[in-house]
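A quick note: this is a predicted structure, and the numbers were derived from the prediction, not measured. Naming: A, B, ... by sequence-line order, numbering from 1 per chain.
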Protein chains: 2
Amino acid sequence: MPMLERSNPLPLYYQLKEVLKQQIRAGHLAPHTAIPSEPELVARYRVSRATVRQALTELVHEGLLYRQHGKGTFVCEPRVQQTLSELTSLSEDIRRRGKQPGGLLLVSELVRGSETVRERLRLLDEEQAIRLVRVRTADEVPIAYEVDYLPYPRATGIYQRAKELGEGSLYSMMASEGLTPYIAEQNVKAALPSAREAELLRIPPDEPGLRVTCTTFDQTGSPIAYSEVFYPGSRYEYMVTLRVARS
Amino acid sequence: MPMLERSNPLPLYYQLKEVLKQQIRAGHLAPHTAIPSEPELVARYRVSRATVRQALTELVHEGLLYRQHGKGTFVCEPRVQQTLSELTSLSEDIRRRGKQPGGLLLVSELVRGSETVRERLRLLDEEQAIRLVRVRTADEVPIAYEVDYLPYPRATGIYQRAKELGEGSLYSMMASEGLTPYIAEQNVKAALPSAREAELLRIPPDEPGLRVTCTTFDQTGSPIAYSEVFYPGSRYEYMVTLRVARS
DNA sequence: CAGTGGTCTAGACCACTTC
DNA sequence: AAGTGGTCTAGACCACTGG
């Protein structure tokens, strides 16, 4: 049985979380079965109950466990476990469907941006936006035309590293630049492709698809990205998972 | 200044949450301003720090507050505050856009259900599904054709109360029947309406729209509803808000 | 340095479930 | 009655931020 290391700089509750996560992932704890009770975990790992509860509470929030008063703490089904994190990364989504994500960066430039862009990013008069244009692919097939806008002074690092963005995830690059996505608002419409989109995606100009606009905010509610993506209807089913209610 | 009541059956941390929520909503605590520090709250409300922290941690999870180590705890922007709860209720969404939600229940019946339905709801051989068909309206204009399926033995109460479903929220009715939505998976496609949909929504048969399928699960990962909704492209912009990353 | 939040302890009592 | 999770206390020490 793995133990917690008091010499480890990682907090005890965090180590306990990792141990439990691993046991769940490895299948030692099956869905709908009870994990050891809180007093048992206290004894087994020699930590206080508050520490155990912090670990369990976070795992509950992450969708790995659920509690029932008087009965115990149980393992959630894998579907719930998976659906709680990082859902708008297109690369991840493609990989999850068993295909190879790829992409081509067509444009990276500094622009003033349309009124919509400036409004979404809350740009001040003198501020500019970084504009990135990409065609995204799954197993080499083009499945989306994506235009991203980022606030310029804040996201300077992204502009410098834009070349790496062929297949890479913009979100992960943003996170490494201190722009951590926390909330996203997505607006989805049925629409026809523009001439340019039809050409680049190699679809007929009358094939309807989805136009998804997405504004991403950090923890404090400041906008850190705005994107417009066109998905041809025949190529990609747009999937979203969200929490319906909470607390 | 409001105080916490030790005679109140509601927990102290919960009362504290409500007090802070109300101060935020009333504008006494503006976005990006710091709330009183934890030791201050301890003194002011005469509770232990663990109690204060439980209240604050939950408010952070609900998107009302964010913390910065060494600096303080701050109020999130309203956009983040609003976007964390109950997002798939169409009625709520319509109301948020300043229109009056309404609806008409066309069908409520027990059916065996298609393979898709049975699979999504994980029905056993002998189990049936409740099928509800509704036209949803905003300011009397039809904006969506919705078909819901619920697992029959579990959702008996819904079947009996189906008549109330004109304008009411199915989710809130489900919650009152012990079927609490926790996670939803949504799949969105661009599509043309069926003949029946075009007729009921009074749109041309060649006007593309969105076909959204949604499977809803409870806390434990058991499916509690499956729905298929058609939104005509010209009438409604489909809006989704989700958390991108967490913990 | 003082003040903030982050982690942790060792208790206590309560409410709910099961037998 | 025994076991579970839910709430609460009164401390402690640490890590990070700012002047």
Side-chain angles (χ1 to χ4, degrees), chain A residues 3-20 29 32-62 64-76 178 180 182 219-220 246-247, chain B residues 3-20 29 32-62 64-76 178 180 182 219-220 246-247:
Chain A
M3 284 307 293
L4 312 185
E5 306 272 350
R6 297 192 110 86
S7 57
N8 191 325
L10 290 172
L12 291 172
Y13 81 90
Y14 189 86
Q15 294 182 50
L16 177 53
K17 274 179 66 176
E18 291 302 316
V19 168
L20 291 170
L29 296 168
H32 300 297
T33 60
I35 66 167
S37 71
E38 294 178 2
E40 267 178 326
L41 292 170
V42 165
R44 188 176 299 185
Y45 294 101
R46 303 182 190 286
V47 291
S48 70
R49 195 171 158 221
T51 300
V52 166
R53 278 186 68 77
Q54 179 165 7
L56 297 188
T57 299
E58 294 199 2
L59 289 172
V60 167
H61 272 282
E62 291 173 28
L64 291 184
L65 300 176
Y66 62 96
R67 294 202 253 230
Q68 288 189 3
H69 196 173
K71 298 179 77 171
T73 303
F74 304 85
V75 179
C76 284
T180 308
Y182 181 70
Q219 196 192 32
T220 76
R246 57 180 51 238
S247 84
Chain B
M3 282 309 290
L4 312 186
E5 307 272 351
R6 296 194 111 83
S7 58
N8 190 325
L10 289 172
L12 293 172
Y13 80 89
Y14 188 88
Q15 294 183 50
L16 178 52
K17 273 178 68 177
E18 291 303 315
V19 168
L20 291 171
L29 295 169
H32 300 294
T33 61
I35 66 167
S37 71
E38 294 178 3
E40 268 182 289
L41 292 170
V42 165
R44 189 176 299 186
Y45 294 101
R46 302 183 192 284
V47 292
S48 70
R49 190 168 160 222
T51 299
V52 167
R53 278 187 68 78
Q54 179 166 8
L56 298 188
T57 299
E58 294 197 4
L59 290 171
V60 167
H61 272 281
E62 291 172 28
L64 291 183
L65 299 176
Y66 62 95
R67 294 204 254 229
Q68 286 188 3
H69 194 173
K71 298 178 78 172
T73 303
F74 304 85
V75 178
C76 285
T180 308
Y182 181 70
Q219 197 192 33
T220 75
R246 57 180 51 238
S247 82

On DNA chain C, more 5' by nearest nucleotide between Val47(A) and Gly70(B) is Gly70(B)

Quick check: on DNA chain C, is the nucleotide nearest Tyr13(A) upstream (toward 5') of the one nearest Glu40(B), or the reverse? Name the residue that is more 5'. Glu40(B)

Do Arg46(B) side-chain and dT9(D) base share a donor-acceptor contact under 3.5 Å? no

Could you work out which one of [options] sits closest to the side chain of [X]?
X: Ser37(A); options: dT4(C), dT9(C), dT4(D); result: dT4(D)
X: Leu12(A); options: dC8(D), dC8(C), dG18(D); result: dC8(C)
X: Pro11(B); options: dG18(D), dA12(D), dT7(D); result: dT7(D)
X: His69(A); options: dG6(C), dA15(C), dT4(C); result: dA15(C)
X: Gln54(B); options: dG5(C), dC8(C), dT7(D); result: dT7(D)
X: Thr51(B); options: dT9(C), dG6(C), dT9(D); result: dT9(D)
X: Ser48(A); options: dG5(D), dA10(C), dG5(C); result: dA10(C)

For [X] and [N], give me the distance from atom [atom1] to atom [atom2], rounded to whole Å.
X: Leu41(B); N: dT4(C); atom1: CG; atom2: C1'; result: 12 Å
X: Arg49(A); N: dC14(C); atom1: CZ; atom2: P; result: 14 Å
X: Glu38(B); N: dG11(D); atom1: CD; atom2: P; result: 17 Å
X: Leu10(A); N: dA15(D); atom1: CG; atom2: P; result: 13 Å
X: Tyr14(B); N: dC14(C); atom1: OH; atom2: P; result: 23 Å
X: Gln68(A); N: dG6(D); atom1: CD; atom2: P; result: 10 Å
X: Tyr45(B); N: dC8(D); atom1: OH; atom2: P; result: 15 Å
X: Leu4(B); N: dC8(D); atom1: CG; atom2: P; result: 9 Å

Under 4.0 Å between a side-chain N or O of [X] and OP1 or OP2 of [N]?
X: Arg53(A); N: dG6(D); answer: yes
X: Thr73(B); N: dT4(C); answer: no
X: Lys71(A); N: dC16(C); answer: no
X: Arg67(A); N: dT4(D); answer: no

From OG1 (Thr57(B)) to CZ (Arg67(B)), nearest 0.5 Å: 3.5 Å

Distance in Å, Arg44(B) CZ paired with Met3(B) CE, rounded so as to fall on 0.5 Å steps: 10.0 Å

Between Val42(A) and Val47(A), the two heavy atoms sitting closest are CG1-O, 3.1 Å

Within a 6.0 Å radius of atom CZ on Phe74(B), are there more than 12 heavy atoms belonging to other residues, nucleotides or ligands? yes

Does any N or O in the side chain of Thr33(A) come within less than 3.5 Å of the main-chain N or O of Leu29(A), such that one atom is a donor and the other an acceptor? no

Is a donor on one side and an acceptor on the other found under 3.5 Å between the side chain of Gln15(A) and the backbone of Glu5(A)? yes

By nearest heavy atom, map Ala50(A) and Gly72(A) onto DNA chain D; which one lands nearer the 5' end? Gly72(A)

